[in-house]
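Below is one structure, written out as structure tokens; comments come after it.
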Amino acid sequence: MKNILGIWDGHDAGAALMIDGQLVCAANEERFTRRKLEVGFPHHAIRACLTQARLSPEEIHCVAGCTTDPAKTLSRLWPASQERYYRLRRRLASPSPLDPLTRLAKYHLTEWPGNRLTRWLSTRALHTQLASLGLDHCPLTLLDHHLCHAATAAHGLGQDNTLILTLDGVGDGRAGSLYHFQSGRLMPLASIAARDSAAIFFEQVTTLLHLRELEDEGKVMALADYAVPIPDADNPLLDLIQVDHLTLRARCHAGGLARQLKKIFWHHPQESFAAMAQRALEHWVLTLIRNAIRSTGIHRLALAGGLFANVRLNGQIRMLPEVSDCFIFPHMGDGGLAVGAACLAAPPQTPLLTDLHLGPESTPAELEQAVRDSGLPFRRLENPALESARLLTQGKIIGWFQGRMEYGPRALGGRSVLARPDRNDLRDALNLRLKKRAWYQPFCPSMLDSEAARLLADHHGAPNRFMTSLYHLRPEFQTALAGVMGRGGSCRPQMVADDASTPFAALLQAMQQLTGFGVVLNTSFNPHGAPLVNTPAQALEAFRAMGLDHLVLGNWCVDPAPDQTNEV
Ligand SMILES: [Fe+2]
């Protein structure tokens, strides 16, 4: 038996545990510290993985991590610098007059790849952290950042003869990579240098729009939908990066790019600028993928890296005539690196991902205790799926807490807030009052596979289990699903097998019986700005803070205190 612990100690830190090639547990530090996209060493996530698998630290055979570039190494040696950037980025600290200079220095520093000294320093710093958890006996392997992203995509899909493309901000001196996955091996085809990063371009656009980099890029994508169409001839952003066969070339360094973007932004409304940036991004990535397919003759794609959080881009890739299959690793950003590192340390022989409910879970006794301790009215449900579906059909918004917590950025029916999918008033209440999101951010549907085939106009190929791509509703169903639809009939569905034996599948089946549509609005169960809830106590706290109508935990339904009944 081989027990491998993967770790990532940067933006969205986390841990993953593989036992004999099976991914048995994976979680991110934010869920434990309650700071979204937590940075730093993942102490809590590692402990959670060990607890879930009932392993002691002595039973771990190897620890695998990644990224030894100078910027990452400095943050390991000087965690206060990382914390300062985290607080500034999340608007928890005010900028100082030196921040523009620091930012420029950061862009330069992050472009350098690792060397023997930074590898040695990183290894020492990580060993100290591992020793505090009783893991100092383990050999530590440190791997390349983009190779780890590539491993998540390759092993997540687990099919031979696949083109693997990674694109993200920067890591170990690279902003992207292209591999051919064959016989369990990743063979390099091309690299994209850090200075040519398309993700840094999009990050800078996000900052210029006064949104938070590394967090609000999805808002830029959503805002782009509200622009008047702009012809390519009038979009100067397209010229900032060139596609050079299998790589990208930026016209100038990140500092120069920022100045150019600022000049261009001055002449355009926000939504137009967002649309121009989205179009430029799509143009570069689609061209790159077309070139790669033409060059290799391989039509199956697997993608990873933070840039592929952009579901509109993913939808365009999926619909390219040259692409036969397109898999996107669902925890595509740096939060998924721990899985990649573990995969490279001991490559799995079978596809890694069938289910993303890889986090901690509570026992029935713990759920009952939490409900009793809450001081809120509660009742036991004989059939939680059916009774929850009845509440939803009555227009109630419910918190839904079942089984193990999801791994990755999306709620997939383990820690979700649910509503019926047809009502704009429920959508607006959820957006503006309960979750305090921007009005233009659409909500996503979860639907049975059979419904996906019926409702979606552009669904071909394998079902999308993890909400990683944009689809379009057939016109005749757009009114019935108005609450989960973006502009132009778009939606980002989670598809659930009709015959799945989970409580969430049972809920969708009950919705189908009651409403004729096996669909719910599904959004993450977290108060504004906080990570997804992890424990029953956090779920109860979020239930109160968000003012939901009901909370269904396992077989229990909790209602608001009598003086706090919420009317939408
Ligand atoms: Fe990355």
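Both counts, for ligands and for their atoms, begin at 1 and track the order of listing. Quick caveat: nothing in here was measured; it's all calculated off a predicted structure. We count residues from 1, following the sequence as given.
Relative orientation of the H44 and F32 rings is parallel, given thresholds of 30° and 60° on the angle between their planes. Relative orientation of the H108 and H253 rings is parallel, given thresholds of 30° and 60° on the angle between their planes.
Counting heavy atoms from C-beta on, the side chains of H145 and L337 come closer than 4.5 Å.
The Fe ion (ligand 1) lies closest to atom NE2 when only the N/O/S atoms of H149 are considered. Among the heteroatoms counted here (N, O or S) of D334, OD1 is the one nearest to the Fe ion (ligand 1). Looking only at its N/O/S atoms, D168 has OD2 as the one nearest to the Fe ion (ligand 1).
Side-chain rings of H155 and F181 approach one another, their centers coming within less than 6.0 Å.
For a distance bound of 2.8 Å, the N, O or S atoms of H146 include none lying that close to the Fe ion (ligand 1).
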